[in-house]
Amino acid sequence: MITVSYTALLHLLLPEVIVVVTALLVLGADLLISRTASSRIRFTTGAAISAIGCVGAITQILLAPQQANVFDGTIVVGPETQLVQIALLTLAVLVVALSIGSSFTSHVGEYFAVTLFATAGMMLLVSSENVLLIFLSLELLSLSLYVLAALNKRSPRSAEAALKYFLFGGTSAAFLLFGLSLLYGLSNSVNLVQIAHAMKSPPLDPLLAVAIVMIVLGFGFKVAAVPFHFWAPDVYEGAPAPSAALISSSAKVAGFVIFYQVMAIGFAGAEGSADWRNSAPGWVPVVAVVAALSMVLGNLVAITQTSVRRILAYSAIAHGGYILLALVSHTEQSFDALLYYAITYALTLIGAFGVVAIVEEQAGGEKLSDFAGLSRRAPVLSACMLIFMLSLGGIPPLAGFFGKFFLFASVLSGGQHPFGLLWLVILAVVMSTVSLYYYLQVLKRIYIAEPSSEIPPIQVPNVSQLVLCVIALSILLLGCAPNLFLKWLQQPIRIAHF
Amino acid sequence: MLAWTIYISFLGALALMLPGVPARAARGIALLAAIAGFAVTISQLMAPANGAMATIVHHSWIPSLGIEYHLAADGISLLLVLLTGIVAIAGVLFSWNIEHRSKEFFALYLALIGGVYGVFLSADVFLLFVFYEIAIIPKYFLIAIWGSTRREYAAMKLALYSLVGSAMVLIVLIAAYVIAGAKTMNILALSQFQFPLHFQMWAFPLMFVGFGILAGLWPLHTWAPTGHVAAPTAASMLLAGVVMKLGAYGCLRVAMTLFPRGLDPWGFRVLGLGSWQDVFSLLAVIGIVYGAMVALVQHDFKFVIGYSSVSHMGFVLLGLMTLNRIGLTGAVLQMFSHGVLAALLFAVVGRMVYDRTHTRDLAALSKMHLNKAIPFAAVTFTLAAIASVGMPGFSGFVAELQVIVGTWSAYPIYVVVAGIGIAISVAYAWRAMQKAFFSDAGPESTMLPLPPISMPERLGAAMLILASLTVGLYPQWLLNLVIPALNSPLFEGLRKGRW
């Protein structure tokens, strides 16, 4: 074991430390003003402090880029993890900025603190190859999210959503822990690389097969893949909008990244194959089936929904299916594609939930019919929603299109036989065509339907409008110039085993 | 220089979205943008060119994937860019009366035009696909917001058909890109890559059908009549005039150049068909005859024109499938000719007649004595109808004649069938003309006082007729562009052993 001085370790984890300290600061600050200040001021103060903390952490990452692997893979930091961390922090900034002006809870300080704890959990999650730390940070993240989902105490649906989320999440954590403990039993190690080393014996051990299924099940719950998706629609529908935005965006990014790392690193050697007519047992065919089911079911069920939040939920399941394709091919390029796709997707969903939140507040609901004629009541908001929906549907020149192209091209180059994964790519392209139907349904309400009666224009809070415009423009920019993002990934320094 | 056609259109669309621009200025801005695009094209045509592929802009875009921002034009693209310019101007002139949400209307209109220009000028297949998809969304909104009969249904149908087509194209595109080493998307480089025969055998039909959906390939044409009918006049002019050509252009420029061996014989015969060439030429002739026959029995004036578009686009696809130079040249000319004439026909039906009489029912129109009420419309329609059935002197004759000659050496029997199609087209054109304009049913006293044909309409109609006449009387002008393009290295794989 390498000895590391605690100063060096502190330096390495400084971004996470900044985030946690900020969380405590927010709590304290809110405690000071909670008696006297209005909810609006409390939200603004909390958001400002949290945003400053996150930006500080981003600055720290950018100013002192690190490359380290300490305590046998307990903390692994490199350009890719740092990119993910920056993305997670940026997403958190956007979420807290969009929650200015909302009034879903009186626990303002707690809301921001828990959001930051969740972010710290995600940051740790993506920078570890130690299954214990992975599990711990995953639980830090999950418990924070359960609380966030329940924060609107006035709404029974929020409580219901949180309870469902908690029960499903708790069960899945048990499965995951069971799977991980089997892995430890098989390999006598908690480090992913060593686990993979210990198990390089081609005939699949039945215990290993059980471990694979348990772990896929556990992570499948976290990323809401079919058939472990039941919590998602209720949570997306019931949770307060900013919490739903966090659950559907940065938590997803972190979940997919760690899912990828656990499978690709920890189960190297037990891949098997999902190639058409050439499948072999291993974790890849399991993930392939989950991915295919998610794409089909998510898209088909989304068509029948009348609530925009539920449409977003089912579409999230479908997008999860596309992203899982990157695991199926698990090449270096497909990891890049996963990062691009997941991050731009998360950005889009935060924007979409931002729009939903405003419409909910001003039009009284988030059914499709509440969006009728929105383009005449709030043109800028509608233009942003247009960009979000079209990007989700994969229309160029928005980020969603390039993400799909990059992802599918990388998946097709993977696979053990040339074109073995073509069936998944065809399924994905066909299903993303289906998805455009329901995205167009939303846009149809916004742009084509007449508003039900003469309703005054929607007052969009200035900060929200600014943030939404920034998100929309960055989706356009990332779609037009994906190289801005890819350049980062193709820096010469890489973690040794990537 | 030619790249500015794209930029001007998108900039125009952006300018129209700015909040400060008054709604009254919208049509003026749109007209300016359309004319500017056209002027750029004309200035390019004036320069001596040999019709071969010439690069306009070439930048690296996504270097790690080998994708480039590469615009280039050869004779075929120039021809279609010219067509787009003409139809774009005419479309604005014929939508001079749009009052409802006019800024959005013209913004979407220009965005659509920009996408179309982009497709015709892309030399990188990825870029081409990007523009191809960009063109889909404005179509949806143009029809769904400003359309008439069953507009939301028609708009969604059109969008879904287009998207299914582009999904097919995208699958083949990704597969071809990966097979060729994932290093380039340049169309010339890909066309010179020897794709394995078994891959070409499934990639070609998938991509041809994918693009063919937009070109009105029977039996996947059904979006076209409903879409055309529901669309506002300018949108149906663009749809029939230009957007259907996107499909045909994709078939020729991408599917056929990338996978020329996909047209080779299978080595066995099913129902007398021995290759994809046989299959698609059969579908093309069916489209010609079927479209014409359905047009013959329509009661809605616009449906007559809608189905006639399917029939005329059948000639384009048939020309492509002859795989000889004269047939291909004819197909390209027919793209131009049908683009101009379909735009004109839709302008007459949608703007001159429907916007004034508020009916498109032929039986109702036959009681209105339109030849006396709006004689200009009657004359324009007559000219457009005789041009589109192939009257010598107009563009339709030159184009369809070449397709027929090309077909003669490839599929002699189809010449007869296509001839029948032309005969039926005379019948439906005359029937529609007679019922709508020259009927003497009903007393003259029921004649309504209709608003006179306005100046923008007259200008637009004159421009389109002039374009058709020019090509009809001096086809050499266009042939000088098309033939060198067909002889360029891009078409080498297709040309090999064929002409």
Side-chain angles (χ1 to χ4, degrees), chain A residues 333 336-337 375-376 379-380 382-383 386 389-390 393-398 401-402 404-415 418-419 421-422 425-437 439-441 443-444 446-450 479-487 489-490, chain B residues 10 17 19 60-67 69 101 103-104 108 115 118 126-137 140-141 143-147 151-152 155-156 159-179 181-182 185 196 198-199 202 206:
Chain A
Q333 201 192 26
D336 292 353
S375 73
R376 267 134 298 156
V380 180
S382 306
L386 177 79
M389 289 295 121
L390 293 182
I395 296 290
L398 305 170
F401 169 73
F402 180 74
K404 284 204 170 98
F405 175 82
F406 190 27
L407 184 68
F408 298 162
S410 75
V411 170
L412 202 57
S413 343
F419 277 55
L421 299 176
L422 184 65
V425 173
I426 291 179
L427 190 66
V429 173
V430 170
M431 279 300 145
S432 63
T433 309
V434 171
S435 75
L436 265 158
Y437 175 78
Y439 295 129
L440 280 180
Q441 288 294 329
L443 295 178
K444 187 168 125 181
I446 296 179
Y447 278 95
I448 297 159
E450 296 294 327
C480 288
N483 213 34
L484 294 176
F485 187 94
L486 298 184
K487 254 199 305 211
L489 294 173
Q490 271 123 19
Chain B
F10 284 127
M17 282 179 218
S60 93
W61 185 13
I62 313 171
S64 55
L65 300 181
I67 293 170
Y69 182 76
R101 296 167 78 179
K103 278 172 70 180
E104 287 167 85
L108 288 167
F126 182 82
L127 186 63
L128 186 145
F129 187 78
V130 165
F131 282 122
Y132 189 77
E133 291 261 292
I134 288 180
I136 293 178
I137 299 301
Y140 172 79
F141 285 113
I143 297 178
I145 301 180
W146 292 272
R151 57 197 165 111
E152 290 185 16
M156 189 56 98
L160 290 182
Y161 268 75
S162 313
L163 291 167
V164 167
S166 50
M168 294 160 91
V169 172
L170 182 63
I171 290 171
V172 177
L173 218 59
I174 293 178
Y177 170 69
V178 169
I179 287 193
M185 272 282 192
H198 66 90
F199 172 68
W202 68 261
L206 200 58

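Numbers restart at 1 for each chain; the letters A, B, ... are given by sequence-line order, proteins then strands. Keep in mind that what you see is a predicted model, and the values were worked out from it rather than measured.
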| request: Drop me the distance from A:L440's CG to B:I137's CD1, to the nearest 0.5 angstrom. | output: 5.5 Å
| said: So B:F199 and A:F419, do their side chains get closer than 4.5 Å, heavy atoms only? | reply: yes
| note | Turns out that what part of B:I67 lies under 4.5 Å from chain A's heavy atoms comes down to side chain
| Hey, which of A:R376, A:Q333, A:K404 has the most heavy atom pairs under 4.5 Å with chain B? | A:R376
| Toward chain A, the part of B:P63 with a non-hydrogen atom under 4.5 Å | both
| field | Pairwise distance CD1(A:I426) to CG(B:L206) - rounded to 0.5 angstrom | value | 7.5 Å
| Note, A:T433 side chain near B:M168 side chain (heavy atom, < 4.5 Å) | no
| query | Looking at CD1 of A:I395 and OG of B:S166, how far apart are the two atoms once the value is rounded to the nearest 0.5 Å? | reply | 7.0 Å
| remark: Honestly, the part of B:Y140 sitting under 4.5 Å from a heavy atom of chain A is side chain
| query | Are B:I134 and A:F401 close enough that some pair of their side-chain heavy atoms sits under 4.5 Å apart? | reply | no
| query | What are the two closest non-hydrogen atoms of B:R101 and A:S375, and how far apart are they? | reply | NH2-OG, 3.4 Å
| said: Quick one: does any side-chain atom of B:W61 pair with a main-chain N or O of A:N483 as donor and acceptor, under 3.5 Å? | reply: no
| note | Closest non-hydrogen atoms of A:P396 and B:V130, given as atom of the first, atom of the second and distance, are CG-O, 3.4 Å
| message | Just so I understand: if I count every heavy-atom pair under 4.5 Å between each of A:G393, A:G394, A:C480, A:A383 and chain B, which residue has the most? | response | A:C480
| Which atoms of A:F408 come close to chain B, meaning under 4.5 Å heavy atom to heavy atom: side chain ones, backbone ones, both, or neither? | both
| said: Under 4.5 Å from any heavy atom of chain A, what part of B:A159 do you find: side chain, backbone, both or neither? | reply: side chain
| request: Could you tell me which portion of A:L443 (side chain, backbone, both or neither) has an atom closer than 4.5 angstrom to a non-hydrogen atom of chain B? | output: both
| message | What I'd like to find out is whether the side chain of A:Y447 reaches to under 4.5 Å of the side chain of B:L108, using heavy atoms alone. | response | no
| At a heavy-atom separation under 4.5 Å, does B:F131 approach chain A through its side chain, its backbone, both, or neither? | neither
| query | Most heavy-atom pairs under 4.5 angstrom with chain B, which of A:A449, A:S410, A:S413? | reply | A:S413
| said: If I measure from the heavy atoms of chain B, does A:P482 come under 4.5 Å with its side chain, its backbone, both, or neither? | reply: side chain
| request: Go through the atoms of B:I62 and report whether side chain, backbone, both or neither lie under 4.5 Å from a heavy atom of chain A. | output: both
| said: Is there a side-chain contact between A:L422 and B:V178 in this structure, where contact means two heavy atoms from C-beta onward sitting under 4.5 Å apart? | reply: no
| Nearest heavy-atom neighbours spanning A:L412 and B:A175 | CD2-CA, 3.5 Å
| Just wondering, do A:F405 and B:L170 contact through their side chains at under 4.5 Å, heavy atoms? | yes
| Contacting moiety of A:S432, where chain B heavy atoms sit under 4.5 Å | neither
| message | Using heavy-atom distances under 4.5 Å, tell me whether B:A182 contacts chain A through its side chain, its backbone, both, or neither. | response | neither
